[in-house]
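What you see is a predicted model, and the numbers here were worked out from it, not measured in a lab.
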Amino acid sequence: MLLLFLTRFILLINLTQPQQKVLIQDLKTELDRTEDITRKAELYCELSKAHNSINPKTTISYGNKAIEMARQAGDDKLLALAYNETGSGHYLLGDIDKAVQFYYMALRIREKLGDPSDLSASYNNIGNVYADQRNHKEALPLYKKSLSLSTTAQDTLRMSSALSNIGGVYLDQGKYDLALVYYREALPIQEKLNDKQGILISLINIGDAYNGKNDFQTALSHFNRAHQIANDLGSPHDEVYVLRGKAESYLKAGKFEKALDNALASMELAKAYEGKYVLRENAAILDRIYAAMGNYEMAHHYLTLHMAYNDSLHNERAADRIAQERVKYETAQKDKENLLLRAEQELNLRKLEQRSIVQYFTIALLLLVCAIAYVFFRGRQHQSRINKLLTQKNELIMHKNEALNRHQKALTEQAEQLNIQKEKLTQLNTIKDKLFSVIAHDLRGPLVALKGLLHVMAMGKVPADKQEGLFNSLVKGQQNVLWMLDNLFDWARAQMDGFEADPKPLPLRELADENIRLLLPVASSKEVALENKIDPSLTGRADKEMIRLVLRNLISNGIKFCKAGDTVTLSARLRDNHVLISIRDTGIGMTPEVQQKLFGGNNYSSRGTANEKGSGLGLALCKDFVEHNGGAIWVESAPGVGSTFMFTLPCFVEQEDHNGDTPQEQVAIEKPAEQLQLA
């Protein structure tokens, strides 16, 4: 998984296969024609880079020629580039020691020259080596330094390289969301550059991150898009990673056959490429797939292959030392054989005199052969026991890893539950603060006023001709407090417990008359007329208690902003299988800025024409209740003209019951484009 983005951004730019073939041929043609040493060094560097995704061994061959030409030309910049390309070839073959050697030779030259773009490439490549060894502590600062230098040089291609590699570090650490942040920052840069292969690899990296999050559906969508691009580019090297990523997704989805098909196809392409890294990773996923399918023989085969490639990648120098010791050993053995032959010749010359010595020697030789055979047999037995113990240890490690994964998953779930509880407690605390604030500011005033009126009347100091007016004020104040309490408690209950609508056939005119009778004293005290023009035949389908509150609040709101002689009119009509109810007043109206605040979540309130004050909860409740009944609410108004509050409800339609089904309800319509957009 990690190697994919490393390989891509060591090379920085890989052309598609058809383009590469044309490019390579053109470079060879120019190389044959030119005599300039500097140009030859440049051409060898370009040929080295062009073979990165075709044959890393050829990359090294051309890189060595580029080094020779650059030295002859005395061009340090070209020499550093040649070292870099040669190191890339060794890296792709898994020869880490030589790759690091060439990368640091390039870096030392580039530090003297001070080119930020070239330095960015060197730090990126050395970071790749550390990342491959899982040394994220060393790799991450190098990638960030590469990103800083490429940003200074305004080299967008190397910026995308560093961003993707940083994402790869977090991907390898299991920080998938953080990895996606960097991959998604790199992808637009590649799209702007029209870097098809960069886009392809970013899609694969994003797919790997979603695989890590166990979101295999999203992962597959990215891999399928990447697969199409890989086919269009004709790049089997990149197809190795696409197929392996798809295999991982299908394995997580439990589709083992599809996972196996993709993994085997990736393995075949990897063998053609001869890269140890890709062969190692493919062997690892095949081991997991066969284990999941219960084919433990094949799983063990690929586990052994994976370990062999892993040992090969990380123990090459030890293998060299063993080979040297073997050569010394074989040389010593041949010297011994020569001595024995000379001794045998001398014995043949004296065989008549020393027959007994020959016989003893023969017996001793036979005993030695038997001893060697016995030692060999015991060695095989010991090796068999060691292999068995290794298998058992591998199984034990796998079981421990599974237990750790389960424990980690449980801890993650607990953390998520704690976060959810924390958010819920924070929300409830906010509601509590808001509730106390409304009680303190909006209820205390009316209650204090009522207390004062009652105190004056109780003392008997009110003249008889003024008692009727005080009683009317008392009734009006008491009614306002009750409505405010109703709104307050309905709002608090909706915020804390939630609410569910109980839609039933709703006679709209009857419900409107009921609210008009309730609000008539308030309207009469302000000399405001209330008119009900709703057709008795119109029937909606909604929760009666919710719509009663909606009508009461909207009528009360209309009265609040009317002056003496104004009118509040209720009307309704059918519109697209819905009933459109309008509450129109001829009051003072409102500006567009005020309209925008009415149905938001900030409990906006303003004083009426008689200095009435509300809690600001009424219209917010109206919006919630209308929408819970499948409708929409909005307002049309202008200063000095009045306001019209409109809301829709599903229309109750009686249907013949042919199949025993209940009457069907219509889906709520969307508000027209010219109306106010609700928050």
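Scanning all heavy atoms of the two residues, the minimum distance from Ala292 to Phe256 falls at CB-CE2, 3.7 Å. Listed here is the closest heavy atom pair of Lys40 and Thr34: CE-O, 3.2 Å. Of all heavy-atom pairs between Ala179 and Leu171, the closest is CB-N, 3.7 Å. Thr86 approaches Ile60 most closely through the heavy-atom pair O-CG1, 4.1 Å. Closest heavy-atom contact between Leu147 and Ile166: CD2-CD1, 4.1 Å. Of all the heavy atoms in Ala153 and Pro116, the pair that sits closest is CB-CG, 3.9 Å.
Neither side chain, Asp75 nor Thr38, offers a donor N or O lying under 3.5 Å from an acceptor on the other. No side-chain donor from either of Tyr241 and Asp208 sits under 3.5 Å from a side-chain acceptor of the other. A donor atom on one side chain and an acceptor atom on the other are found under 3.5 Å apart for Asp215 and Thr218. With hydrogens and angles left out, the side-chain atoms of Ser249 and Asn211 include a donor and acceptor closer than 3.5 Å. There is a side-chain donor-acceptor pair under 3.5 Å between Gln228 and Asp232. Remark: the Arg158 side chain and the Ser120 side chain contain no N/O donor-acceptor pair separated by less than 3.5 Å.
Rounding to the nearest 0.5 angstrom, the gap separating the CG atom in Leu79 from the CD1 atom in Ile109 is 4.0 Å. Separation of atoms CG (Leu203) and CG (Asn224) is listed at 11.0 Å; rounding is to 0.5 Å. With rounding to the nearest 0.5 angstrom, the CG atom of Leu243 is 10.5 Å from the CZ atom of Phe223. Taking NZ of Lys246 as the reference point, atom OG of Ser266 lies at 11.5 Å (rounded to 0.5 Å). Between atom CD1 of residue Ile289 and atom CD of residue Glu257 there is a gap of 10.0 Å, rounded to the nearest 0.5 Å. Here Met69 contributes atom CE and Leu31 contributes atom CG; the two are 9.0 Å apart, rounded to the nearest 0.5 Å.
Using the six-membered ring where Trp is involved, His222 and Tyr210 have ring planes that are parallel, under 30° apart on the 30 and 60° scheme. Between Phe102 and Tyr83, the two ring planes are tilted [angle within 30° to 60°].
Using a 4.5 Å cut-off on side-chain heavy atoms (C-beta onward), Glu68 and Gln72 make contact. By the 4.5 Å heavy-atom criterion applied to side chains, Gln154 and Met159 are not counted as neighbours. No side-chain heavy atom of Glu30 sits less than 4.5 Å from a side-chain heavy atom of Asp26. Taking 4.5 Å as the limit, every side-chain heavy atom of Val242 sits out of range of all side-chain heavy atoms of Ile229. Side-chain contact between Met267 and Leu305 is present, with at least one heavy-atom pair separated by less than 4.5 Å. Under the 4.5 Å side-chain criterion, counting only non-hydrogen atoms from C-beta, Arg244 is in contact with Asn282. Side chains of Ile189 and Leu163 form a contact here, defined as non-hydrogen atoms less than 4.5 Å apart. By the 4.5 Å heavy-atom criterion applied to side chains, Asn394 and Met307 are counted as neighbours.
Screening residues 217-230 for salt bridge (charged side-chain N to carboxylate O under 4.0 Å, His left out), with sequence neighbours left out, gives Glu191-Arg225. Residues in residues 408-419 take part in no side-chain hydrogen bond (donor to acceptor under 3.5 Å, both in side chains) pair, two or more places apart or across chains.
Checking Lys400, Met398, Gln392 one by one against Leu396, the side-chain contact (heavy atoms from CB on, under 4.5 Å) holds for a single residue, Lys400.
Ion pairing between a basic and an acidic side chain is recognised when a charged N comes within 4.0 Å of a carboxylate O; Asp118 and Lys77 show such pairing. Taking the charged nitrogens against the carboxylate oxygens, Lys213 and Asp177 do have a contact shorter than 4.0 Å, which makes a salt bridge.
Tyr170 and Tyr182 have their aromatic ring centers within a separation under 6.0 angstrom.
Side chain of Thr59 to main chain of His51: a donor-acceptor pair is present (N/O by atom type, distance under 3.5 Å, no hydrogens or angles). Judged by distance alone, with hydrogens and angles left aside, the side-chain atoms of Asn135 form no donor-acceptor pair with the main-chain N or O of Ala131 at under 3.5 Å. A donor-acceptor contact shorter than 3.5 Å links the side chain of Thr304 to the backbone of His300. The main-chain N or O of Lys258 is found under 3.5 Å from a side-chain atom of Asn262 such that the two form a donor-acceptor pair. No donor-acceptor pair closer than 3.5 Å links the side chain of Asp172 to the backbone N or O of Gly168. In this structure a side-chain-to-backbone donor-acceptor pair under 3.5 Å is missing from Ser48 to Tyr44.
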| request: Mind running side chain to side chain contact (heavy atoms under 4.5 Å, CB included) on Met105 and Asn84 for me, showing each step along the way? | output: CA-CA 8 Å; Met105 286 193 294; Asn84 186 75; over 6 Å; no

| query | Can you list the steps and then say if Tyr143 with Asn128 is a side chain to side chain contact (heavy atoms under 4.5 Å, CB included)? | reply | CA-CA 8 Å; Tyr143 287 145; Asn128 292 344; 2.6 Å; yes

| message | For Ser202 and Ser164: C-alpha separation, side-chain torsions, deciding distance, then whether side chain to side chain contact (heavy atoms under 4.5 Å, CB included) applies. | response | CA-CA 7 Å; Ser202 285; Ser164 287; 4.1 Å; yes

| said: Set out, in order, the CA-CA distance, both residues' side-chain angles and the distance that settles side chain to side chain contact (heavy atoms under 4.5 Å, CB included) for Phe216 and Leu251, then state yes or no. | reply: CA-CA 9 Å; Phe216 49 84; Leu251 176 59; over 6 Å; no

| request: Determine, stepwise, if the pair Arg39 / Glu42 fulfils salt bridge (charged side-chain N to carboxylate O under 4.0 Å, His left out). | output: CA-CA 5 Å; Arg39 183 54 185 160; Glu42 292 173 351; 2.9 Å; yes

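Surrounding CD of Glu297 are at most 12 heavy atoms belonging to other residues, nucleotides or ligands under 6.0 Å away.
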